Number of protein chains: 2
Amino acid sequence: MSYGNNPYGQGGGYAAPPGAFPPQNAQVSPQAQQWFAMVDRDRSGKINSSELQAALVNGRGEHFSDNACKLMISMFDNDASGTIDIFEFEKLYNYINQWLQVFKTYDQDSSGHIEEHELTQAFTQMGFRFTPDFIQFLVKKSDSQNHKEVSVDQFIVLCIQIQRFTEAFRQRDTQQNGTITIGFEDFLTVAIGCSY
Amino acid sequence: MSYGNNPYGQGGGYAAPPGAFPPQNAQVSPQAQQWFAMVDRDRSGKINSSELQAALVNGRGEHFSDNACKLMISMFDNDASGTIDIFEFEKLYNYINQWLQVFKTYDQDSSGHIEEHELTQAFTQMGFRFTPDFIQFLVKKSDSQNHKEVSVDQFIVLCIQIQRFTEAFRQRDTQQNGTITIGFEDFLTVAIGCSY
């Protein structure tokens with residue numbers, strides 16, 4: 001699942017597996033089955049965060065962050081086992097592909113990274129109106145190496161965080177005026193619960 | 001920095017380094033210098049999150065989480081380089097030792113983990129009055145393996161998170177009545193900014 005030197009050259013950033021596996025489960029697409037077999041290194045029939053991390057590389061040639069992989073596994077790990085089976089994996093596979101498509105759309109210069117103005121445009125098109133200061137804050141927060149750009153795994157984490165916190169905020173914004181009144185424990189529950 | 005089978009047997013969980021290094025910097029304690037030399041595997045004169053992670057083991061014999069190490073490095077990494085020098089490391093070393101002491105205090109059965117009732121007591125003594133539901137939520141959130149207990153690295157992360165969010169909440173709780181009114185972008189800034 002290389003996302004390296006040629007970030008978009010291989011069908012959304014996915015390298016083809018070295019051989020075609022025969023379909024083993026009619027309910028799961030052959031692509032997802034092939035990927036599952038590659039990612040499931042210990043052949044346990046389950047994929048954990050470390051196996052996912054070993055398979056995913058961003059545009060800087062770095063593996064996806066621990067956080068990004070744990071976050072994505074947790075979204076599809078219905079029994080909270082820390083692992084996903086092939087059916088859950090197919091959903092994750094489609095989900096990651098969708099994010100790669102979104103990322104490509106906003107990475108206008110095909111650098112494999114999103115810069116500040118590209119991130120502004122992404123959020124605007126998602127329906128958010130953020131101030132320049134807030135966008136700068138997001139880039140700085142994501143990008144600990146101070147590259148002033150956001151890699152695909154950082155972008156996915158940011159978008160999921162903002163989606164989660166926005167949902168939690170909206171539920172409490174009963175008057176829909178963009179402000180909420182919130183108690184201490186509820187505040188902590190949202191802040192800690194939606195983080196990863 | 002083993003915290004394994006005998007979690008408290010070696011002076012706060014720290015194994016002594018195999019040899020005594022001569023003091024190289026009078027401003028830094030010999031203990032911190034010895035530890036720095038051990039943790040700085042690539043001899044770069046700086047310690048990053050991965051080097052810290054390789055050196056720290058919790059009571060389950062697992063390395064401290066990626067999150068815990070990144071969070072702790074970020075707290076002492078004044079130039080946001082992702083690394084800390086020997087002076088910053090000494091502060092971190094003292095900080096970790098203080099947390100180990102706190103953890104020991106609440107780990108009444110010396111299991112190397114904190115259970116729900118021990119966590120309740122810890123927060124009560126720190127001045128918080130949390131509901132049982134909230135404590136359960138914290139344990140469940142920390143403990144993805146469903147052990148119903150919190151390891152030392154998870155405990156450190158939880159306490160730092162709660163400290164940060166409490167501080168952000170207090171700054172906004174101008175009437176000190178335990179509720180705040182907060183706008184959308186400020187809410188996102190706190191939620192994302194204080195998370196790790």
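Quick note: numbers below take in every heavy atom, side chains included, and nothing from hydrogens, waters or symmetry partners. Letters A, B, ... are given to chains in the order of the sequence lines, protein chains preceding strands, and every chain is numbered from 1. Keep in mind the model is a prediction, meaning the values are calculated, not measured.
Taking the salt bridge (charged side-chain N to carboxylate O under 4.0 Å, His left out) definition, one finds that A:Asp40 meets it with nothing, sequence neighbours left out. Checked against salt bridge (charged side-chain N to carboxylate O under 4.0 Å, His left out), A:Asp66 has the following partners two or more places apart in sequence or in another chain: A:Lys70. For B:Arg172, the salt bridge (charged side-chain N to carboxylate O under 4.0 Å, His left out) partners are B:Asp186, not counting sequence neighbours.
Counted within 6.0 Å of CD on B:Gln175, heavy atoms from surrounding residues, nucleotides or ligands total 12 or fewer; the atom is thus considered open. In A:Gln176, the CD atom is not crowded: 12 or fewer heavy atoms of neighbouring residues, nucleotides or ligands sit closer than 6.0 Å.
In this structure, the portion of B:Phe137 lying under 4.5 Å from any heavy atom of chain A is its side chain and not its backbone. Of the two parts of A:Phe165, the backbone and the side chain both hold a non-hydrogen atom closer than 4.5 Å to a non-hydrogen atom of chain B. Both the backbone and the side chain of B:Thr131 come within contact range of chain A, each with at least one heavy atom under 4.5 Å from a heavy atom of that chain. Heavy-atom distances place both the backbone and the side chain of A:Phe130 under 4.5 Å from chain B. Heavy-atom distances place both the backbone and the side chain of A:Thr166 under 4.5 Å from chain B.
B:Ile192 and A:Lys141 get closest at one heavy-atom pair: O-CE, 3.1 Å. What you find for B:Glu185 and A:Arg129 is that their closest heavy atoms are OE2-O, 4.0 Å.
When the heavy atoms of residues 116-123 of chain A are compared with those of chain B, none of the residues falls under 4.5 Å.
Note: B:Phe128 and A:Phe184 have parallel aromatic rings, judged against thresholds of 30 and 60 degrees for the angle between ring planes.
Residues B:Leu188 and A:Phe169 are not in side-chain contact: their nearest non-hydrogen atoms beyond the backbone lie 4.5 Å or more apart. A:Ile180 places none of its side-chain heavy atoms less than 4.5 Å from the side chain of B:Ile180.
Counting only N and O atoms by type, the side chains of A:Thr179 and B:Thr181 include no donor and acceptor under 3.5 Å apart.
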